[in-house]
**Student:** 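Just dropping this structure here.
A, B, ... follow the sequence lines: proteins, then strands. Residue 1 opens every chain.
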Amino acid sequence: MEAAVQPGADEGQALQEALSRAVEEKIPLEIIGGGSKRFYGRRARGEPFHVAGHRGVVDYEPTELVVTARAGTPLQELEALLEAHGQMLAFEPPHFGETATLGGAIACGLSGPRRPYAGAARDFVLGVEYLNGKAERLHCGGRVMKNVAGYDVSRLMVGALGTLGVLLRVSLKVVPRPARELTLVLQTVPQDAIDQMNRWAGRPLPLSAACYADDQLYVRLSGTERGVRAARRSIGGDELPSGDRFWRDLREQRLAFFAGDAPLWRVSVPPAAPPASLSGAWLLDWGGAQRWLRGEQPVAAVREAAAAVGGHATLFRGGDRRGDVFHPLAPGLLALHRRLKRAFDPRGLLNPDRLCAPAPPAGGARD
Amino acid sequence: MNQPLSSDTDRRTQTQRLAGLFRRFMPRDGVLVDAEDLRPYECDGLSAYRRVPMMVLLPETVEQVQQALEVCSAERVPVVARGAGTGLSGGALPREDAVLLSLARFNRIVHIDPMNRVARVQPGVRNLAISEAAAPYGLYYAPDPSSQIACSIGGNVAENAGGVHCLKYGLTVHNLLEIKVITIEGEALTIGGQGLDAPGYDLLAVLTGSEGMLAVIVEVTVKLLPKPERAQVILAAFDRIEQAGNAVAAVIGAGIIPAGLEMMDNPAIRAAEDFVHAGYPTGAAAILLCELDGTDEEVSELIAQVRQLLVDHGASAVRAAKDDAERQRLWAGRKAAFPAVGRISPDYYCMDGTIPRAQLAHVLKRIGEMSAEYRLPVANVFHAGDGNLHPLILYDANVPGELERTEEFGGRILELCVEVGGTITGEHGVGVEKINQMCVQFREPELVQFHALKAAFDPRGLLNPGKAIPTLARCAEFGAMHVHGGKLPFPDIERF
């Protein structure tokens with residue numbers, strides 16, 4: 001048993017007091033951690049509210065598989081600490097810059113290539129401490145794996161883009177790093193790649209990533225030495241010597257596909273859905289469940305294609321950041337979102353408009 | 001319905017009037033109001049609490065659920081939704097002034113999609129039936145609460161049910177893609193999606209484990225996983241509980257995530273062995289059952305590694321099941337632990353706290369001290385991998401004062417779990433049973449925030465009132481008092 005705790009700075013009280021003042025004066029705030037994912041979501045409105053100073057790992061017990069850290073903790077630092085103990089964040093959060101913080105990763109709720117096989121950011125969040133829109137400092141969840149006391153507000157915060165609360169502290173489940181990983185590459189065409197990735201996923205193979213880019217199918221295997229060796233024989237293809245770098249570049253959007261200024265769409269669909277007939281360049285990640293599209297396609301066409309197979313489309317980068325960046329919600333769901341926003345942030349001060357377009361003025365047609 | 005009714009006659013008249021409204025659209029036999037028809041619904045798996053509902057509705061279509069909720073909303077009648085009624089915290093306990101909405105007739109598997117590895121099912125489908133339907137494709141549904149032969153998937157979602165394989169495969173919330181729900185106003189909402197995520201807030205997480213307080217579930221899409229090529233279990237015996245706890249930490253510290261990792265203490269071992277003859281060492285202070293799964297090669301490698309770790313950490317005996325029959329036998333003892341304890345004591349009270357695993361020795365020592373103090377024996381079964389502890393307090397309700405002592409003891413165990421950084425319920429839910437302990441785990445503004453969340457879904461508080469989240473008045477009034485415990489019905493159903 002060993003506990004490792006990183007030094008940091010506890011600015012929880014200062015943040016609460018600052019938020020309290022903003023609430024009193026009804027000042028809308030744009031919550032900023034490392035600023036690495038500021039491009040994501042709708043353009044936020046408000047005074048900058050900097051939270052990265054509240055940092056440091058406060059509790060880490062490797063054999064418990066749980067780490068608790070302040071939200072401003074740099075993701076790099078957290079991951080380095082876990083790595084030193086042979087562990088990792090299984091959802092492989094994208095950093096999109098060296099300043100990325102834990103809080104930002106959780107607020108954005110993004111996950112990397114391992115997601116379909118290991119789980120998403122929300123799957124590993126066990127508890128959070130946060131400031132709601134009344135500047136109250138609240139806890140929910142905890143630092144144990146199983147906990148069904150109270151509504152699951154911790155997971156509600158994941159991907160809420162700071163619109164429901166300012167994250168102060170997050171407890172995450174962590175997992176051991178696999179003993180062996182290797183990446184295989186095979187040549188194929190899109191439809192065959194989709195079929196192949198999903199047939200493999202239906203078999204008990206130690207898959208940890210599968211992606212189709214530039215006419216090549218990339219597969220990562222993770223597990224024990226002998227388990228990975230056996231799976232390699234069954235899958236075939238050639239080993240990619242710099243496999244780690246490939247998956248990191250994919251996660252960080254540093255592959256050639258992501259270069260340039262054309263709008264980038266993230267299309268989330270059932271993994272075996274056939275390739276969409278939209279023109280543009282495609283890259284299929286998550287075994288087919290997360291598809292990236294580059295180009296100037298009409299917004300409506302992308303949305304229709306995603307919805308037709310039961311999925312949704314996000315304008316991830318570029319395009320109009322004041323428009324419908326996220327797939328529009330059904331009217332009943334949108335109304336519920338607005339009621340939830342009011343339940344956590346009655347004055348609408350936390351990252352206003354970042355997730356949903358502003359509600360029509362009182363007396364308007366809806367809500 | 002909110003005004004007090006002056007007499008039984010008024011109450012009956014009101015019930016008949018409402019029944020008339022429901023009969024306009026419900027199936028012929030789908031509105032129950034007679035006492036003998038209501039009796040079977042008076043409790044769920046926590047039978048110490050019994051109340052006869054005003055009436056029971058058994059809809060067969062989503063439209064009927066919508067219409068029923070519209071009527072309830074318009075008439076301000078509370079609604080308690082019920083799946084198979086196997087829950088252990090009284091989440092589906094009826095109310096005399098409420099409609100009990102049974103989803104039992106929604107029992108169809110709508111679609112299995114082997115390529116996308118999902119199953120779309122109605123909420124009344126039994127947990128195990130999903131895995132059975134997926135088996136021809138080599139797939140299964142991972143969460144396996146011990147009541148899986150009887151419990152429904154709708155109830156699993158409402159309670160965020162766990163099982164012995166949670167450590168590796170997660171709880172219900174980790175294995176869902178989409179649910180269709182009906183709000184108290186009768187509006188149909190689709191939560192989640194057919195892909196791996198959905199736009200907007202993670203309402204799927206909020207609805208999961210919400211104990212019927214936010215909406216009524218009418219369809220569930222779950223993820224299916226490939227069935228592992230091989231699963232093998234190792235049994236290890238220890239002379240001291242601390243050694244078993246250290247061995248668990250060593251296995252996980254070595255980077256191994258077993259499919260299941262269970263611990264039993266000596267009273268639980270002896271009760272289980274007497275009952276099912278699993279071949280447990282009855283002299284051991286504790287045993288561990290460690291199941292490893294994966295490909296054939298992986299399991300061979302892991303079994304050797306785990307065996308060595310267990311020996312290194314003081315196991316007095318280690319045995320790997322040689323075949324599937326032996327594996328089933330070793331698990332049978334663990335799965336029968338609750339009924340086995342039921343055989344040696346007139347009554348028992350099952351707790352469900354979760355603790356950080358490193359606190360295990362401390363918590364068990366404290367439970368042992370309290371056991372002496374209250375003069376009530378305890379048997380412990382423990383989901384050791386994820387820290388979920390089920391102390392079973394043995395008592396006899398016929399001995400005056402013993403039930404009250406048990407309740408107080410149980411409450412103190414839950415408070416101890418909170419004190420060491422854990423929670424009052426790992427997988428059974430709050431329901432009515434642990435509602436007072438919620439006042440220990442959460443502070444007032446946190447409860448206020450929960451109520452605000454609830455009001456965003458159900459502004460008039462008509463869905464399952466009085467469950468899951470205590471009112472501030474209740475916390476103030478009951479303070480440190482402890483609620484009633486319960487004896488489990490269905491003793492033949494396996495319980496973890």
Side-chain angles (χ1 to χ4, degrees), chain A residues 1 61-65 86 115-116 119-120 122-123 132 136 138-140 142-152 155-156 158-160 175-177 179 198 201-204 206 223-224 226-227 230-231 268-272 286 289 310-312 326-327 329 332-333 336-337 339-340 343, chain B residues 114-117 138-139 160 162 166 170-171 174 187 189 193-202 205-206 208-210 226-229 249 252-253 255 257 294-295 297-298 301-302 354 356-358 386-388 421-427 429-430 438 441-442 445-446 449-450 452-453 456:
Chain A
M1 300 275 174
E61 174 51 70
T63 67
E64 296 278 344
L65 301 176
R115 188 266 175 264
R122 55 91 83 172
D123 292 316
N132 67 8
E136 293 170 324
L138 307 178
H139 295 82
C140 54
R143 50 190 177 94
V144 289
M145 306 263 174
K146 283 164 90 179
N147 186 355
V148 291
Y151 301 119
D152 197 343
R155 289 195 173 89
L156 178 61
V158 184
V175 302
R177 300 182 77 80
N198 285 288
R203 288 169 48 200
T224 66
R226 286 169 59 191
S268 172
V269 292
W286 290 9
H312 66 100
F326 297 106
H327 206 102
L329 301 168
L333 268 185
L336 179 57
H337 274 64
R339 290 196 301 273
L340 273 170
Chain B
M115 267 308 257
N116 282 305
R117 304 172 307 283
L139 302 171
N160 192 14
C166 297
L171 302 151
H174 301 107
E187 185 174 18
L189 297 178
Q194 296 294 316
L196 290 178
D197 45 38
Y201 294 136
D202 195 340
V206 176
T208 308
S210 64
K227 230 175 134 46
E229 197 168 83
I252 288 169
I257 303 291
T295 61
E297 295 82 2
E298 279 173 322
E301 209 169 336
L302 292 172
T354 302
R357 231 180 322 89
D386 47 34
N388 188 197
T423 175
I424 58 172
T425 176
E427 58 183 359
V430 173
M438 285 291 285
Q441 183 156 344
F442 293 100
E446 290 159 349
Q449 186 63 73
F450 284 146
L453 184 155

**Student:** Answer with side chain, backbone, both or neither: which region of A:Ala160 has an atom nearer than 4.5 Å to a non-hydrogen atom of chain B?
**Tutor:**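 Interface part for A:Ala160: both.
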**Student:** Below 4.5 Å from any heavy atom of chain B, which atoms of A:Arg122 appear? Answer side chain, backbone, both or neither.
**Tutor:**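 Looking at A:Arg122, just its side chain touches chain B.
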**Student:** Can you say whether the rings of A:Tyr151 and B:Phe450 are parallel (under 30°), tilted (30 to 60°) or perpendicular (over 60°)?
**Tutor:** perpendicular
**Student:** Counting heavy-atom pairs under 4.5 Å with chain A, which one of B:Leu139, B:Leu196, B:Leu189, B:Val430 comes out on top?
**Tutor:**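 Greatest number of close heavy-atom pairs with chain A: B:Leu196.
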**Student:** Where is the tightest heavy-atom contact between A:His337 and B:Gly200, given as atom of each residue plus distance?
**Tutor:**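 Heavy atoms of A:His337 and B:Gly200 come nearest at NE2-CA, 3.3 Å.
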**Student:** Locate the shortest heavy-atom distance separating B:Pro226 from A:Gly202; write the atom from each residue and the value.
**Tutor:** CB-O, 3.3 Å
**Student:** Over all heavy atoms of both residues, which pair between B:Ala452 and A:Ala343 is shortest? Give the atoms and the distance, please.
**Tutor:**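 Smallest interatomic distance, heavy atoms only, reads O-CB, 3.6 Å.
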**Student:** Any non-hydrogen side-chain atom of B:Val206 less than 4.5 Å from a side-chain atom of A:Leu156?
**Tutor:**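 SC-SC contact between B:Val206 and A:Leu156 confirmed.
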**Student:** Are B:Thr354 and A:Asn147 linked by a side-chain donor-acceptor pair shorter than 3.5 Å?
**Tutor:** no
**Student:** Based on non-hydrogen pairs under 4.5 Å, which of B:Glu297, B:Glu229, B:Met438, B:Gln441 is most in contact with chain A?
**Tutor:** B:Glu297
**Student:** Go through the atoms of B:Pro445 and report whether side chain, backbone, both or neither lie under 4.5 Å from a heavy atom of chain A.
**Tutor:**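 When you check distances to chain A, atoms from both the backbone and side chain of B:Pro445 fall under 4.5 Å.
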**Student:** Which atoms form the tightest heavy-atom contact between B:Glu298 and A:Pro206, and what is the distance?
**Tutor:** OE2-CB, 3.8 Å
**Student:** If you measure from NZ on A:Lys146 to SG on B:Cys166, what distance do you get to the nearest 0.5 Å?
**Tutor:**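 So the gap between those two atoms works out to 4.0 Å.
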**Student:** Does any backbone or side-chain atom of A:Asp123 lie under 4.5 Å from a heavy atom of chain B? Answer side chain, backbone, both or neither.
**Tutor:**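 A:Asp123 touches chain B through backbone and side-chain heavy atoms alike.
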**Student:** For the residue pair B:Glu301 and A:Thr224, confirm or rule out a side-chain donor-acceptor distance under 3.5 Å.
**Tutor:** yes
**Student:** If you compare all heavy atoms of A:Gly332 against all heavy atoms of B:Glu187, which two are closest, and at what distance to 0.1 Å?
**Tutor:**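 So the two residues come closest at CA-OE2, 3.2 Å.
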**Student:** Do NZ/NE/NH1/NH2 and the carboxylate oxygens of A:Arg155 and B:Asp202 come within less than 4.0 Å?
**Tutor:**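 The answer is no: the pair does not qualify as a salt bridge.
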**Student:** Taking B:Asp197, B:Leu453, B:Thr208 one by one, which has the highest count of heavy-atom pairs under 4.5 Å against chain A?
**Tutor:** B:Asp197
**Student:** Below 4.5 Å from any heavy atom of chain B, which atoms of A:Ala120 appear? Answer side chain, backbone, both or neither.
**Tutor:** neither
**Student:** Less than 4.5 Å to any heavy atom of chain A: does that hold for the side chain of B:Leu171, its backbone, both, or neither?
**Tutor:** side chain
**Student:** Any sub-3.5 Å donor-acceptor pair from A:Glu64's side-chain atoms to B:Arg357's backbone N or O?
**Tutor:**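 Here the side-chain-to-backbone pair exists.
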**Student:** Examine whether an atom of A:Arg177 lies under 4.5 Å from a heavy atom of chain B, and if so say whether it belongs to the side chain, the backbone or both; otherwise answer neither.
**Tutor:** neither
**Student:** Mind checking whether B:Pro356 and A:Arg143 have side chains closer than 4.5 Å, heavy atoms only?
**Tutor:** yes
**Student:** Where the side chain of A:His327 meets the backbone of B:Pro199, is there a donor-acceptor pair that is under 3.5 Å apart?
**Tutor:** no
**Student:** Nearest 0.5 angstrom please: B:Leu302 CG to A:Arg226 CZ, how far?
**Tutor:**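 Rounded to the nearest 0.5 Å, the CG-CZ separation comes to 10.0 Å.
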**Student:** Please report the closest heavy-atom contact between A:Val148 and B:Gly429, naming both atoms and the distance.
**Tutor:** CG2-N, 3.5 Å
**Student:** By a 4.5 Å heavy-atom criterion (distance strictly below it), what part of A:Leu329 contacts chain B: side chain, backbone, both, or neither?
**Tutor:**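 Only the side chain of A:Leu329 comes within 4.5 Å of chain B.
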**Student:** Within the structure provided, determine whether A:Asn198 and B:Arg117 are in side-chain contact (heavy-atom separation under 4.5 Å).
**Tutor:**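 A side-chain contact under 4.5 Å exists here.
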**Student:** Less than 4.5 Å to any heavy atom of chain A: does that hold for the side chain of B:Asp386, its backbone, both, or neither?
**Tutor:**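 Both backbone and side chain.
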**Student:** Please classify the contact between B:Met115 and chain A as side chain, backbone, both or neither, with a heavy-atom cut-off of under 4.5 Å.
**Tutor:** both
**Student:** B:Glu446 versus chain A, heavy atoms under 4.5 Å apart: side chain, backbone, both or neither?
**Tutor:** both
